[in-house]
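I have placed the structure first, in the form of structure tokens, so that the comments after it can refer back to it.
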Amino acid sequence: MATLSLHSHSFLLVLLPFILILRQNLAVAGGCQVPPVIFNFGDSNSDTGGLVAGLGYSIGLPNGRSFFQRSTGRLSDGRLVIDFLCQSLNTSLLNPYLDSLVGSKFQNGANFAIVGSSTLPRYVPFALNIQLMQFLHFKSRALELASISDPLKEMMIGESGFRNALYMIDIGQNDIADSFSKGLSYSRVVKLIPNVISEIKSAIKILYDEGGRKFWVHNTGPLGCLPQKLSMVHSKGFDKHGCLATYNAAAKLFNEGLDHMCRDLRTELKEANIVYVDIYAIKYDLIANSNNYGFEKPLMACCGYGGPPYNYNVNITCGNGGSKSCDEGSRFISWDGIHYTETANAIVAMKVLSMQHSTPPTPFHFFCGG
């Protein structure tokens with residue numbers, strides 16, 4: 001069950017419907033005969049420690065302070081959306097594929113997502129293509145070990161485990177963000193979007209050819225509402241909620257392309273179940289209606305430097321010397337200017353579980369093993 005740090009009775013009333021949704025999913029999932037195997041591919045939005053494990057990059061407190069009481073390599077004060085989704089299925093939180101010290105045999109799957117990942121260029125760590133190559137190696141080695149001695153066999157994912165697994169993809173934000181950061185015009189950024197979509201499509205088709213049949217695809221959130229972008233971009237092109245209009249327009253075009261791609265693949269890959277989730281709509285609603293959720297200053301980071309309006313300084317980021325964090329992360333949507341607080345992530349996850357933003361509407365417990 002999601003444990004939230006609630007700062008007021010009124011805020012509890014706001015979250016109650018979402019808590020009930022998560023509890024309902026937990027109750028249904030509790031009847032699963034076999035915990036689901038999950039493989040996740042993505043960027044920092046779903047990285048559960050891959051950057052630290054893969055590059056030895058230091059991510060310290062206050063990251064992780066609200067739930068884990070220590071840093072786990074997640075860029076948040078607590079759990080990510082993927083953590084809440086895993087909990088809704090009563091399966092363990094996903095360990096990073098590259099972490100050799102977690103004591104896991106990865107029976108419940110593995111997380112290939114790493115901070116900063118994009119789809120292009122293809123052979124730069126840790127692009128989606130590299131994550132896919134890591135998965136193919138992981139699968140080959142797991143099946144090899146599963147065919148050996150009985151004790152080891154019980155700890156490995158077998159052929160049926162890979163076939164029945166849920167494959168989650170949450171990537172694309174960095175492709176758009178990096179293009180803007182290089183100074184490309186809006187029109188040039190938009191021209192690159194089909195190439196990004198093509199990489200995601202290729203990845204899904206390869207996983208399908210490997211036997212995967214269940215896919216869960218997140219679109220990208222409102223990039224123009226991130227405090228980081230707002231503090232670094234000198235523009236007056238804001239929408240009515242104070243977000244960068246061109247950045248969000250590019251994100252929406254990417255999302256439209258991703259949606260069309262998923263629709264095409266449902267026709268092309270006859271046996272596949274492909275669910276497209278509109279994360280953009282969920283996250284933008286948090287910002288546009290922040291008062292309804294009890295959030296203050298929706299475009300300001302909880303942890304950072306510089307104070308209002310965005311509390312973000314590229315030279316003094318969250319966790320580094322000089323940065324400061326707010327007392328109550330539950331009052332903020334943004335944790336560090338780029339990533340969300342645990343409270344915001346919990347609401348996003350609960351809205352995902354409601355099926356109102358999924359195409360086709362699919363209960364998450366549909367992916368339970370059995």
Side-chain angles (χ1 to χ4, degrees), residues 5 42-83 96 98-99 101-102 111 113-118 124-126 170-171 173-178 180-183 221-234 243-244 247 283 287 295-345:
S5 174
D43 53 32
S44 59
N45 289 310
S46 58
D47 181 354
T48 55
L51 180 67
V52 175
L55 296 177
Y57 192 87
S58 178
I59 298 177
L61 288 168
N63 292 287
R65 71 179 187 181
S66 69
F67 179 76
F68 301 101
Q69 283 82 54
R70 62 182 178 86
S71 176
T72 61
R74 291 165 172 80
L75 292 176
S76 176
D77 57 333
R79 287 162 289 186
L80 309 180
V81 172
I82 191 172
D83 294 318
L98 292 173
D99 199 337
L101 299 176
V102 295
N111 192 359
I114 290 189
V115 171
S117 295
S118 57
V124 174
F126 290 91
D170 186 350
I171 201 165
Q173 175 175 307
N174 288 325
D175 289 275
I176 301 171
D178 292 347
F180 276 118
S181 67
K182 292 174 182 175
L223 185 65
C225 300
L226 298 180
Q228 179 209 44
K229 306 305 177 191
L230 289 163
S231 70
M232 297 177 68
V233 177
H234 302 291
C243 302
L244 293 166
Y247 279 54
K283 288 186 173 181
I287 294 160
F295 291 124
E296 301 173 356
K297 300 173 183 174
L299 303 179
M300 180 173 167
C302 164
C303 181
Y305 180 81
Y310 307 124
N311 196 37
Y312 184 89
N313 185 308
V314 68
N315 297 312
I316 309 175
T317 55
C318 180
N320 292 311
S323 67
K324 298 180 180 179
S325 58
C326 63
D327 293 331
E328 294 183 279
S330 58
R331 293 177 180 268
F332 287 77
I333 295 174
S334 178
W335 166 242
D336 59 4
I338 305 172
H339 311 95
Y340 280 26
T341 62
E342 178 177 76
T343 301
N345 284 331

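Scanning all heavy atoms of the two residues, the minimum distance from Y312 to S231 falls at CD2-OG, 3.2 Å. Residues K283 and P222 approach most closely at CB-CD, 3.6 Å, considering heavy atoms. Scanning both residues, I59 and R74, for their nearest heavy atoms gives CG2-O, 4.3 Å. Across all their heavy atoms, E296 and F332 have their closest contact at O-CD2, 4.3 Å. Nearest heavy atom pair, residue C318 against residue P62, reads SG-CG, 4.1 Å. Heavy atoms only, all atoms of each residue included: G307 and M300 are closest at C-CE, 4.1 Å.
The shortest distance between side-chain heavy atoms of T317 and D336 does not fall below 4.5 Å. Using a 4.5 Å cut-off on side-chain heavy atoms (C-beta onward), D77 and F68 make no contact. Side-chain contact between L75 and I338 is absent, with no heavy-atom pair separated by less than 4.5 Å. Side-chain contact check for L226 versus S334: every heavy-atom pair is 4.5 Å or farther apart.
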Could you give me the CA-CA distance, side-chain angles and deciding distance for T343 and R331, then say whether side chain to side chain donor-acceptor pair (under 3.5 Å) is met? CA-CA 8 Å; T343 301; R331 293 177 180 268; over 6 Å; no
Going through the checks in order, is the side chain to side chain contact (heavy atoms under 4.5 Å, CB included) test met by C225 and L299? CA-CA 6 Å; C225 300; L299 303 179; 4.1 Å; yes
Step by step, work out the side chain to side chain donor-acceptor pair (under 3.5 Å) result for S44 and H339. CA-CA 8 Å; S44 59; H339 311 95; 2.7 Å; yes
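A donor atom on one side chain and an acceptor atom on the other are not found under 3.5 Å apart for D43 and Q173. With hydrogens and angles left out, the side-chain atoms of T48 and N111 include a donor and acceptor closer than 3.5 Å. Neither side chain, W335 nor N345, offers a donor N or O lying under 3.5 Å from an acceptor on the other.
Considering CG of D47 and CG of L80, their distance stands at 8.0 Å, rounded to 0.5 Å.
Remark: C303 SG to C326 SG, distance not under 2.5 Å.
Between F180 and Y247, the distance separating the two ring centers is shorter than 6.0 angstrom.
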